[in-house]
Asks: 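Below is a structure I'd like to ask you about.
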Protein chains: 2
Amino acid sequence: MRTKEFNEDEALEKAMQLFWLKGYNGTSMQDLLDGLGLSRSTLYRAYIDKHSLFLKALGHYQQFSSSEIKKVINEGDTAKETVKKLLEFIAEVVVQDQQHKGCFMLNSEIELSLHDKVVHDMVVNSDQDIEDVFYHVLTKGQKRGEISKAEDARAMAKFFLNTAKGIRATAKSNPDKKVFKDIIALAIKALN
Amino acid sequence: MRTKEFNEDEALEKAMQLFWLKGYNGTSMQDLLDGLGLSRSTLYRAYIDKHSLFLKALGHYQQFSSSEIKKVINEGDTAKETVKKLLEFIAEVVVQDQQHKGCFMLNSEIELSLHDKVVHDMVVNSDQDIEDVFYHVLTKGQKRGEISKAEDARAMAKFFLNTAKGIRATAKSNPDKKVFKDIIALAIKALN
DNA sequence: TTGTTTTGGGAATGATTGTTCCCAAAAGAT
DNA sequence: ATCTTTTGGGAACAATCATTCCCAAAACAA
């Protein structure tokens, strides 16, 4: 038996970068062949077709970015500080990227969720995932008495998710760290 | 001389709807020929090529949507109410659309602004335009003493623009009027 | 009528799309 | 050595892509 020569994870990572940068329709199979450095035969045998490869790449992104965000949950002494850290982290990620690719999940939502049921469901789940992170921190803060119980924690979680999506959208054409910092400071006022 | 038979504005409107629904790369010239009901010769003579037609359609959208928003400036008795009306209007527009096309400018930002300088500039200008609407209302409110001068009006304007973009993004996969209402109510708290 | 201009039909372009297939080379296992 | 499996090269596919072109029909002005 011949051992596998190409690293599947490495190839998937490269595919993700390409789809992330140029979108689904903007990325051709030729782009992928060149980018991954694989032959047609190998690529099709490994990933079936373009659409399957895309879904796998998007799933890979979701797994990674979700776990990264959850690392931030334990940062900050108070719930309010943690919410701020979460938003700052989300902003930092898109600002740091020299290519301004934005958020791959948001990009896919805009480009495909209307006509691709699978992508649509992944987007909804991804949003719910982030919303739940905020919700978890907020309810904990309410129990501790750090955050008023006057406002519904679920509504606040949706609000912060919305702020995050705004930042991620703007990151495509106007990634400005200082502006995002101001936006986050104002968003945090919703906790007063 | 033979009089022009096809209505240019009507055709442009149809082209805008198509690009809006399926994106630039997702819309083929054949889609446009079928959708506009024009012959190849006529379409190319009138609009030069696909990219030019797209830019014209996006410009048409920008003109229309900008003027619609500015109609709301005079609604509401206080600045705070006007800001709320502005956000509610932006949410209402995307929620009403049965097709969930979202915001054409935001869609184009995500799909093209990275690789298309003209689109990028249009997006930046469009964002600035909306930001300025908020800024105008906010500074007026500050002069009237309705809004605290502790916060920078420019920062607040960027914050509300960000909230609007979040709503417009989410409208693609999750247009929920009630959720948007909650989000807007919390965003308004930034004015306290 | 003649002339001018607009439109549509349709053929033709060359490039690119995603995908399938065959076969030889490579690399390890036996 | 043979066997098995993985990989790459490259041809081939039909479909679609954006675009150009020619010409006849249509509609108005003179």
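Because the structure is predicted, anything quoted here is derived from the model rather than measured. Every chain is numbered from 1 and lettered A, B, ... according to where its sequence line falls, protein lines coming before strand lines. The figures that follow rest on heavy atoms only: side chains count, while hydrogens, waters and symmetry mates do not.
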Asks: Would A:F54 and A:F104 count as a close aromatic pair, with their ring centres under 6.0 Å?
Replies: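 That pair passes the under 6.0 Å test.
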Asks: Can you name the ring-ring contact (aromatic ring centres under 6.0 Å, His included) partners of B:F180, sequence neighbours left out?
Replies: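 Once residues adjacent in sequence are excluded, B:F180 has no partner under the ring-ring contact (aromatic ring centres under 6.0 Å, His included) criterion.
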Asks: Taking 4.0 angstrom as the limit, do B:K14 and B:D34 come out as a salt bridge?
Replies: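 No, this pair does not count.
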Asks: Send over the distance from B:L18 CG to D:dA18 P, rounded to a whole Å.
Replies: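 Taking atom P of D:dA18 as the reference, CG of B:L18 is at 12 Å.
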Asks: Starting at the 5' end of nucleotides 9-19 of chain C, put B wherever the base has a protein heavy atom under 4.0 Å, S where only the sugar-phosphate does, and a dash everywhere else.
Replies: BBB-----SSB
Asks: Is a donor from one side chain sitting under 3.5 angstrom from an acceptor on the other, for A:D129 and A:S126?
Replies: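 Absent: no donor and acceptor within the cut-off.
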Asks: Measure CZ/B:R45 against C1'/D:dT19 and give the value in whole Å, please.
Replies: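 Whole-Å distance recorded here is 14 Å.
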Asks: Enumerate, in order of first residue number, the stems that involve DNA chain C, defined as 3 or more consecutive Watson-Crick or G-U wobble pairs with both distances under 3.5 Å.
Replies: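 Expected stems, ordered by start: C:1-12 with D:19-30, C:15-17 with D:14-16, C:19-29 with D:2-12.
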Asks: Hydrogens and angles aside, do A:K158 and B:N174 bring a side-chain donor and acceptor to less than 3.5 Å of each other?
Replies: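 Distance-only check fails for A:K158 and B:N174.
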Asks: Establish, from distance only, whether the side-chain atoms of A:H60 and A:D9 form a donor-acceptor pair under 3.5 Å.
Replies: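 The criterion, which ignores hydrogens and geometry beyond distance, is not satisfied for A:D9 and A:H60.
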Asks: Decide yes or no for A:K50 and A:F19: does some side-chain heavy atom of the first lie under 4.5 Å from some side-chain heavy atom of the second?
Replies: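 When only atoms from C-beta onward are counted, A:F19 and A:K50 do touch, with a gap below 4.5 Å.
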Asks: B:L36 CG to C:dG8 C1': how many Å, rounded?
Replies: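 Rounded to whole Å, this separation is 14 Å.
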Asks: Are B:K22 and B:N107 close enough that a side-chain donor and a side-chain acceptor fall under 3.5 Å?
Replies: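 The answer is no; no qualifying pair exists.
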